[in-house]
Participant: 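Structure incoming, see below.
Naming convention: chains lettered A, B, ... in sequence-line order (proteins, then strands); numbering from 1 in each chain. What's counted below: heavy atoms across the whole structure, side chains too, no hydrogens, waters or symmetry copies.
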Protein chains: 2
Amino acid sequence: MDTMFPPPGNCNSRTVIDVLANKWVIYLLAALRERGPMRFNELARRIGNITQKVLTQTLRTLERDGLVSRTVYPTTPPRVDYALTDLGRNLSEVVLVIGEWSHDHADEILTARDRYDTKAQAAPVPVN
Amino acid sequence: MDTMFPPPGNCNSRTVIDVLANKWVIYLLAALRERGPMRFNELARRIGNITQKVLTQTLRTLERDGLVSRTVYPTTPPRVDYALTDLGRNLSEVVLVIGEWSHDHADEILTARDRYDTKAQAAPVPVN
DNA sequence: CCGTATCCAAAACGATACTG
DNA sequence: CAGTATCGTTTTGGATACGG
């Protein structure tokens, strides 16, 4: 592979990258990886700050992409389990790498951000 | 680390993950990793389908986060080079992992997507 | 060449109400 | 419990024009 992301159109890699370029997808894959199969509301609580609508949407696209499986148990009330497929578990390894890097370097990013904002603040902007 | 993405508020990891959850960021880091320092228009051509506005925006946030450095050579016409910082180069390793996975599994995703769409199509929807 | 500024369209997201 | 449907807002992105 001489070039990783050949400019567009004919490049399949990009369509996959676009899947991962979504924070909800990353949180979801991470949660399912950590805890195994989970129910809808369980996932919602675990992720936090996600609405039903977005959770549903995200789960559907992951199902469509063959990364997550959906199993319905016809009980009352209904029970629905979401789990990683083999492909999804495989991808979750990548997510694990992302998570570890984030954990390890979060403070460096935040520090850089502070420094940048402080400098911007120091610019000689007239009071009015 | 018992839990990778503790639900929100107090979690620094998430703010970093949110940086990477952006296709332009991923493309940019990949391009700079592959080819070393690049000029503005060079980056634009390399990535393709990105507008000046978005390229500028993305570069600024990466600069703010300490991932990319910006060097201006005061020639006429001006020359501006963008390069990975040490931190950015470090993160680009993660991007490399993403890129490789995408390359290797793109067809599986696309196949799953086709299968899903075909099934949806097969649903017994009345003509009207 | 390397941007910024502005306006506009499209997509993502949140809140809320309702259903099997 | 596990969703769907609708509406309004916010965010993101594209197109274009202009400036150092």
Side-chain angles (χ1 to χ4, degrees), chain A residues 7-9 14-15 17-28 31-32 35 37-65 68-83 116 120 123-125, chain B residues 7-9 14-15 17-28 31-32 35 37-65 68-83 116 120 123-125:
Chain A
R14 288 210 177 189
T15 72
I17 288 168
D18 294 353
V19 171
L20 213 52
N22 178 324
K23 61 179 179 177
W24 302 121
V25 166
I26 296 180
Y27 297 163
L28 229 59
L32 288 173
R35 317 247 297 202
M38 294 175 80
R39 304 177 61 172
F40 186 86
N41 283 333
E42 205 175 349
L43 271 169
R45 278 191 304 271
R46 175 97 188 131
I47 293 177
N49 285 346
I50 188 172
T51 59
Q52 278 194 340
K53 181 190 173 188
V54 172
L55 181 53
T56 301
Q57 268 178 188
T58 310
L59 284 169
R60 289 293 172 276
T61 73
L62 290 179
E63 203 190 342
R64 180 166 109 103
D65 288 345
V68 161
S69 66
R70 179 174 180 270
T71 311
V72 182
Y73 301 95
T75 59
T76 51
R79 177 199 173 97
V80 180
D81 270 18
Y82 291 93
Y116 185 98
V125 179
Chain B
R14 289 208 176 190
T15 72
I17 289 168
D18 294 353
V19 171
L20 214 51
N22 178 324
K23 62 179 178 177
W24 302 121
V25 167
I26 296 180
Y27 298 163
L28 229 62
L32 288 173
R35 317 248 298 202
M38 294 175 79
R39 305 176 62 173
F40 187 86
N41 283 333
E42 207 176 348
L43 271 169
R45 278 189 303 272
R46 174 95 187 133
I47 292 177
N49 285 347
I50 188 172
T51 59
Q52 278 195 340
K53 181 191 173 187
V54 172
L55 181 53
T56 302
Q57 269 179 187
T58 309
L59 285 169
R60 289 292 171 278
T61 73
L62 290 179
E63 203 191 343
R64 180 167 109 103
D65 289 345
V68 161
S69 67
R70 178 173 181 272
T71 311
V72 182
Y73 301 95
T75 59
T76 51
R79 176 199 174 96
V80 180
D81 270 18
Y82 291 94
Y116 185 98
V125 179

Participant: For Gln52(A) and Phe40(A), which heavy atoms make the closest approach, and how far apart are they?
Facilitator: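 That closest heavy-atom pairing would be O-CZ, 3.9 Å.
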Participant: Run the side-chain contact (heavy atoms from CB on, under 4.5 Å) test on Asp18(B) and Ile26(A) for me, step by step, so that the C-alpha distance in whole Å, both residues' side-chain angles and the decisive distance to 0.1 Å come before the verdict.
Facilitator: CA-CA 9 Å; Asp18(B) 294 353; Ile26(A) 296 180; over 6 Å; no
Participant: Under 4.0 Å from any heavy atom of chain A: name the first and the last nucleotide of DNA chain D that qualifies, 5' to 3'.
Facilitator: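 So the contact region on DNA chain D extends dC1(D) to dC7(D).
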Participant: Taking only the side-chain nitrogens and oxygens of Arg39(B), find out if one of them lies under 4.0 Å from OP1 or OP2 of dC2(C).
Facilitator: yes
Participant: Represent DNA chain C in dot-bracket notation, 5' to 3'. Only Watson-Crick or G-U wobble pairs with both distances under 3.5 Å count; pseudoknot-style crossings use [ ] and interstrand partners use |.
Facilitator: |.||||||||||||||||||
Participant: Decide side-chain contact (heavy atoms from CB on, under 4.5 Å) for Leu55(B) and Trp24(B); before the verdict, give the C-alpha distance in whole Å, the side-chain angles of both, and the deciding distance to 0.1 Å.
Facilitator: CA-CA 8 Å; Leu55(B) 181 53; Trp24(B) 302 121; over 6 Å; no
Participant: How many whole angstroms separate atom CG of Asn41(B) from atom C1' of dG3(C)?
Facilitator: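 In whole Å, dG3(C) C1' and Asn41(B) CG are 9 Å from each other.
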Participant: Search all heavy atoms of Ile17(A) against all heavy atoms of Tyr27(B) and return the closest pair with its distance.
Facilitator: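 Residues Ile17(A) and Tyr27(B), closest heavy atoms: CG2-CE2, 4.0 Å.
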Participant: If you look at every strand shown and take non-hydrogen atoms under 4.0 Å, does Tyr82(A) touch a base, only sugar-phosphate, or nothing?
Facilitator: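 Result for Tyr82(A) = sugar-phosphate.
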Participant: Could you tell me which non-hydrogen atom of Ala31(B) sits nearest to which non-hydrogen atom of Arg46(B), and how far apart they are?
Facilitator: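 Closest pair (atom of Ala31(B), atom of Arg46(B), distance): CB-CG, 4.0 Å.
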Participant: Among Leu59(B), Asp65(B), Thr58(B), which residue meets the side-chain contact (heavy atoms from CB on, under 4.5 Å) test with Val25(B)?
Facilitator: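 Among Leu59(B), Asp65(B), Thr58(B), the one meeting side-chain contact (heavy atoms from CB on, under 4.5 Å) with Val25(B) is Thr58(B).
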Participant: Tell me, for nucleotides 13-20 of chain C in 5' to 3' order, what letter each nucleotide earns: B for a base near a protein heavy atom under 4.0 Å, S for only sugar-phosphate near one, - for neither?
Facilitator: BBB----B
Participant: Of the non-hydrogen atoms in Asn22(B) and Val19(B), which two are nearest, and what is the gap between them?
Facilitator: CB-O, 3.7 Å
Participant: Between Tyr116(B) and Arg60(A), what is the shortest heavy-atom contact and its length?
Facilitator: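 Smallest interatomic distance, heavy atoms only, reads OH-CD, 4.1 Å.
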Participant: Hey, mind stepping through Met38(A) and Asp81(A) against side-chain contact (heavy atoms from CB on, under 4.5 Å) and telling me if it holds?
Facilitator: CA-CA 5 Å; Met38(A) 294 175 80; Asp81(A) 270 18; over 6 Å; no
Participant: Apply side-chain contact (heavy atoms from CB on, under 4.5 Å) to Leu20(A) and Leu20(B), showing your working.
Facilitator: CA-CA 9 Å; Leu20(A) 213 52; Leu20(B) 214 51; over 6 Å; no
